[in-house]
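Reviewing the structure listed below.
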Amino acid sequence: MRCLDVQRVLPPNMAKETVWHPTSFRSHTLGQIQDGGSDLVGSQVTICGFMEANRGKGKICFMDLRDGTGRLQVFLKEGLVSDPELECAQNLSRESTVQVVGDVAQKRPPKVAEGEPVPPPTYEVVAKSFTVLTEAATPLPLGVTDTVSIGLDTRLDNRFLDLRRAHVGAMFTLRARVLQYGREYLISEGFKEINSPKIIASASEGGTNLFPMMYFDTPAFLSQSPQLYKQLTVLGGMERVFEIGPAFRAEKHDTYRHLNEFISFDIEAAWMNDDDVMGVQERMINHIWQSVADNDMDQIEIVNKYRETQGDDPITVDVPSLPFPRISYCDAIKMIQDSGESIEWGADIESSHCDIIAEKYPGFHFIPRWPMEMKPFYIHHIEGENGATGEQLSRGFDLNYGRDEMTSGGQREHDVEILEQNLRNKGLDPSGFGFYTDGFRYGAPPHAGWGLGVARLLMVLTGSRNVRETVLFPRDRQRVTP
RNA sequence: GCCCGCGUGGUGUAGCGGUUAUCAUGAGGGGUUGUCGAUCCCUCGACCCGGGUUCGAUUCCCGGCGCGGGCGCCA
């Protein structure tokens with residue numbers, strides 16, 4: 001089984017140097033012919049794809065094919081394929097799927113105006129035989145290549161078609177890359193990936209509303225956060241863990257940045273405080289941005305090409321420099337007050353306030369040291385570390401980008417006595433949290449962590465104005481299908 | 001939950017108390033063509049639902065449903 005050994009040797013950058021083995025349906029991807037056509041000229045290939053467009057109704061027909069790797073023109077000519085095949089190709093509806101056997105050839109260069117540079121050679125497949133795999137119904141609920149803009153609701157109702165549009169596909173390719181780079185970075189710092197339960201018996205944090213459900217005969221809830229479980233894992237000695245998983249919140253908000261199901265990128269690490277995990281976070285984000293800039297500018301270009309047609313400014317991938325600015329809660333309040341807004345110490349920093357801070361700090365910035373009173377019971381505080389008017393500060397922080405909150409995190413309380421007092425201070429009964437507080441009774445390392453909204457991070461990277469742009473099948477107040 | 005706005009062919013839009021309801025894209029048919037945002041000719045397709053005002057409502061009013069924006073809250 002020698003061939004298996006060969007295949008175990010993976011290329012250094014899996015994302016960019018994918019090995020496309022032939023399948024039962026095709027010998028080559030369209031991307032392979034697009035990029036490596038010069039080596040393939042004259043050889044026979046079998047390709048598959050969606051038919052994006054067909055031109056020509058007489059003795060010849062040009063067909064634009066698209067698969068998940070690229071686009072390619074197929075040339076059909078009377079005499080080279082059978083008459084029924086040619087007619088079938090000419091009458092085929094857009095987005096039908098086809099299989100073509102033919103020879104790779106260099107395309108005839110397009111006519112260019114006098115003095116214009118001749119473009120580099122491109123390649124096509126001259127068909128020998130042509131098979132329709134499935135015929136697409138007409139008309140399409142939305143045009144994959146049409147120039148008309150399409151409402152978000154129509155797009156989400158027909159996401160399978162929307163996703164075929166170049167810039168939409170690029171957005172989700174970028175999403176996959178962001179997750180990949182985030183993972184690989186945390187692994188490089190010793191973090192291990194975990195999975196925590198999404199069906200839970202009690203709330204992880206106060207405040208947010210839960211989706212109730214029946215777990216056989218027991219009332220239960222969908223998890224709003226992996227918080228308590230990732231902490232229990234660290235208490236179990238796993239040292240550094242991360243999870244990329246769903247969180248569910250039954251809140252009736254209706255904004256560009258809220259969903260009722262979202263993917264949270266969470267970490268938790270022993271022997272760290274809030275400053276330490278802020279360091280992890282900014283290094284991770286820096287790595288993600290750097291990796292996108294190094295590997296994925298082709299996807300950014302696709303997005304920008306579309307943005308140009310919509311009159312939007314192109315997006316740029318500016319790798320944020322380290323460290324990110326840190327504006328403590330107290331300083332943030334002062335900044336807001338100095339701008340003339342009335343805000344009291346102890347109040348939440350709202351979106352309009354974030355606009356004020358974002359004027360000075362438009363990119364990523366941390367807001368550490370929130371009042372203890374505003375943070376959940378599991379957040380750590382240092383006795384005597386007080387704000388301007390004497391209130392106890394916490395070791396909780398947020399990460400914002402512009403006006404939008406990306407992350408909430410902090411050092412956790414590891415002293416079980418204080419933890420139980422915190423619960424009582426919040427009006428919660430410690431006996432209901434025994435499964436959690438018991439984890440602290442037999443030795444507990446100081447630890448810290450954060451949760452990052454993946455879709456919100458993607459909004460920043462892709463310049464999206466609605467979180468739904470970066471989520472395949474968003475769940476909001478009025479949408480549970482598809 | 002509150003405030004504001006919108007609902008017109010498959011898609012995205014213009015417009016109006018009486019119109020042949022605009023434009024683009026699309027779909028169907030045909031011609032030409034190594035085309036590439038193909039092109040040319042012909043054809044097709046729409047006023048969210050219910051009630052009210054009116055001689056007459058797609059247009060005005062009320063209710064419903066759906067959608068969008070802002071706010072609250074959060075990741």
Side-chain angles (χ1 to χ4, degrees), chain A residues 52-65 71-78 90-91 93-95 105-112 119 122 124 126 136-158 161-162 165 205-209 224-227 245-266 305 309-310 347-352 354 374 376 398-401 403-409 450-460 465-468 470-471 476-479:
Chain A
E52 221 170 59
N54 52 356
R55 297 177 288 276
K57 286 265 173 109
K59 296 180 170 126
I60 57 172
C61 175
F62 303 95
M63 182 174 276
D64 292 339
L65 237 51
R71 285 176 172 71
L72 199 74
Q73 174 168 285
V74 173
F75 178 50
L76 299 102
K77 191 175 183 178
E78 194 177 70
Q90 287 167 334
N91 294 325
S93 53
R94 298 192 300 168
E95 294 304 311
Q106 189 172 326
K107 263 174 88 171
R108 297 195 187 175
K111 297 180 195 90
V112 291
T122 55
E124 66 181 3
V126 180
T138 59
L140 298 167
L142 59 89
V144 172
T145 55
D146 291 359
T147 48
V148 294
S149 65
I150 307 160
L152 184 59
D153 215 42
T154 306
R155 293 175 49 201
L156 293 177
D157 283 340
N158 301 280
L161 270 178
D162 182 47
R165 304 201 299 158
E205 336 185 352
T208 50
N209 299 311
Q224 64 181 170
S225 159
Q227 182 58 38
F248 305 90
R249 301 195 181 171
E251 283 161 4
K252 294 182 177 177
H253 36 46
D254 201 4
T255 78
Y256 66 91
R257 63 191 183 281
H258 283 96
L259 293 174
N260 294 294
E261 176 183 336
F262 64 93
I263 299 299
S264 178
F265 201 135
D266 270 85
K305 219 168 147 187
T309 69
Q310 301 301 298
D348 196 13
I349 297 175
E350 294 166 6
S351 292
S352 61
C354 289
M374 299 176 65
D398 283 357
L399 174 75
N400 284 24
Y401 184 95
R403 74 188 321 247
D404 293 321
E405 185 177 335
M406 303 279 123
T407 293
S408 192
W450 41 253
L452 167 69
V454 171
R456 289 191 182 179
L457 193 64
L458 259 297
M459 283 176 77
V460 173
R465 284 184 291 250
N466 192 314
V467 71
R468 291 157 183 78
T470 67
V471 176
D476 62 33
R477 215 164 136 193
Q478 15 266 336
R479 182 178 284 280

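Residue numbers start from 1 in every chain, and the chains themselves are labelled A, B, ... in the order their sequence lines are given, proteins ahead of strands. Fair warning: this is a prediction, and the values are worked out from it, not measured in the lab.
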Using the P atom on both, measure rG26(B) against rC3(B) and round to a whole Å. 43 Å

Test of understanding: with side chain to side chain contact (heavy atoms under 4.5 Å, CB included), list the residues that count as partners of Arg94(A), not counting sequence neighbours. Leu140(A), Thr145(A), Asp146(A)

Shortest non-hydrogen pair, Arg257(A) vs Arg456(A), comes out as O-NH2, 2.9 Å

When rounded to whole Å, the CG to C1' distance for the pair Leu452(A) and rC74(B) reads 14 Å

Apply side chain to side chain contact (heavy atoms under 4.5 Å, CB included) to Arg479(A) and list each qualifying residue two or more places apart in sequence or on a separate chain. Asp153(A), Leu156(A), Asp157(A), Asp476(A), Pro482(A)

Mark up nucleotides 1-12 of chain B, 5' to 3', with B wherever a protein heavy atom is under 4.0 angstrom from a base atom, S wherever such an atom reaches only the sugar-phosphate, and - elsewhere. B--------BBS

Distance-minimising heavy-atom pair for Val126(A) and Ala105(A): CG2-CB, 4.0 Å

How many Å lie between CZ on Phe262(A) and P on rA75(B), as a whole number? 7 Å

Taking for Arg403(A) and for Ser93(A) the nucleotide of RNA chain B with the nearest heavy atom, the one nearer the 5' end belongs to Ser93(A)

Length of the line joining Glu350(A):CD and rC71(B):P, which is rounded to integer Å: 10 Å

Classify the nucleic acid contact of Arg165(A) as base, sugar-phosphate or nothing, counting any heavy atom under 4.0 Å across all strands shown. nothing

With rounding to whole Å, what would you report as the distance between rU13(B) and rU8(B) at their P atoms? 8 Å

Work out how far the P atom of rA24(B) is from that of rG31(B), and round it to whole angstrom. 25 Å

Going by the rule side chain to side chain contact (heavy atoms under 4.5 Å, CB included), which residues pair with Ser408(A) if we only count those two or more places apart in sequence or in a different chain? Lys375(A), Asp398(A), Glu405(A)

What residues, two or more places apart in sequence or in another chain, satisfy side chain to side chain donor-acceptor pair (under 3.5 Å) together with Asn54(A)? none

Taking the same atom, C1', in rG70(B) and in rC60(B), what whole-Å distance lies between them? 28 Å

If you look at every strand shown and take non-hydrogen atoms under 4.0 Å, does Leu259(A) touch a base, only sugar-phosphate, or nothing? base

Among residues at least two apart in sequence or on other chains, which ones pass side chain to side chain donor-acceptor pair (under 3.5 Å) with Thr122(A)? none

Readout for nucleotides 32-40 of chain B: B = base within 4.0 Å of protein heavy atom, S = sugar-phosphate only, - = neither; 5' to 3' it is BBBBBBB--

Classify Ser352(A) by what it touches in the nucleic acid, base, sugar-phosphate, or nothing, heavy-atom distance under 4.0 Å. nothing

Rounded distance in Å - CE (Met374(A)) to P (rG72(B)): 13 Å

Can you tell me the distance, in whole Å, between the CG atom of Asp404(A) and the P atom of rC73(B)? 15 Å

Atom pair distance, as rounded to whole Å: CG in Asp153(A) and C1' in rC48(B): 14 Å

Between Arg479(A) and rG66(B), is there a side-chain N or O to OP1/OP2 distance below 4.0 Å? no

Between Met406(A) (CE) and rA75(B) (P), how many Å, whole number? 12 Å

Straight-line distance of Arg468(A) CZ to Tyr256(A) OH, nearest 0.5 Å: 11.5 Å

Excluding sequence neighbours, so at least two apart, what forms side chain to side chain donor-acceptor pair (under 3.5 Å) with Asp266(A)? Lys230(A), Ser264(A)

Counting N and O atoms only, with roles assigned by atom type, does the side chain of Arg477(A) sit under 3.5 Å from a partner on the main chain of Lys252(A), one being a donor and the other an acceptor? yes

Listing for RNA chain B: consecutive Watson-Crick or G-U pair runs of at least 3, distance cutoff 3.5 Å, ranges ordered by first number, gives B:1-7 with B:65-71, B:10-12 with B:23-25, B:26-32 with B:38-44, B:48-52 with B:60-64

Taking the P atom of each, how far is rC74(B) from rC67(B), in whole Å? 25 Å

Which residues pass the salt bridge (charged side-chain N to carboxylate O under 4.0 Å, His left out) test with Arg165(A), not counting sequence neighbours? Asp162(A)

Please list, chain by chain and in numerical order, all residues satisfying side chain to side chain contact (heavy atoms under 4.5 Å, CB included) with Phe265(A), sequence neighbours excluded. Leu179(A), Leu186(A), Phe242(A), Ile244(A), Met284(A), Trp450(A), Leu452(A), Val454(A)

Can you tell me which nucleotide in rA75(B), rC67(B), rG26(B) comes closest to the side chain of Thr407(A)? rA75(B)

So what does Asn466(A) hit on the nucleic acid, given a heavy-atom distance under 4.0 Å: a base, only sugar-phosphate, or nothing? sugar-phosphate

Holding to side chain to side chain donor-acceptor pair (under 3.5 Å), I want the full list of residues that pass it with Asn158(A), two or more places apart in sequence or in another chain. none

rU22(B) and rG68(B): how far apart are their P atoms, nearest whole angstrom? 29 Å

Taking rA38(B) as the reference, what is the distance to rU25(B) when you measure between their P atoms (whole Å, please)? 11 Å

Need one value for Arg94(A): base, sugar-phosphate or nothing, where a base atom within 4.0 Å counts as base even if backbone is also close, heavy atoms only. sugar-phosphate

Gap in Å between the two C1' atoms, one belonging to rC2(B) and one to rC73(B), rounded: 13 Å

Can you measure Asp398(A) atom CG to rC73(B) atom C1' for me and round it to whole angstrom units? 13 Å

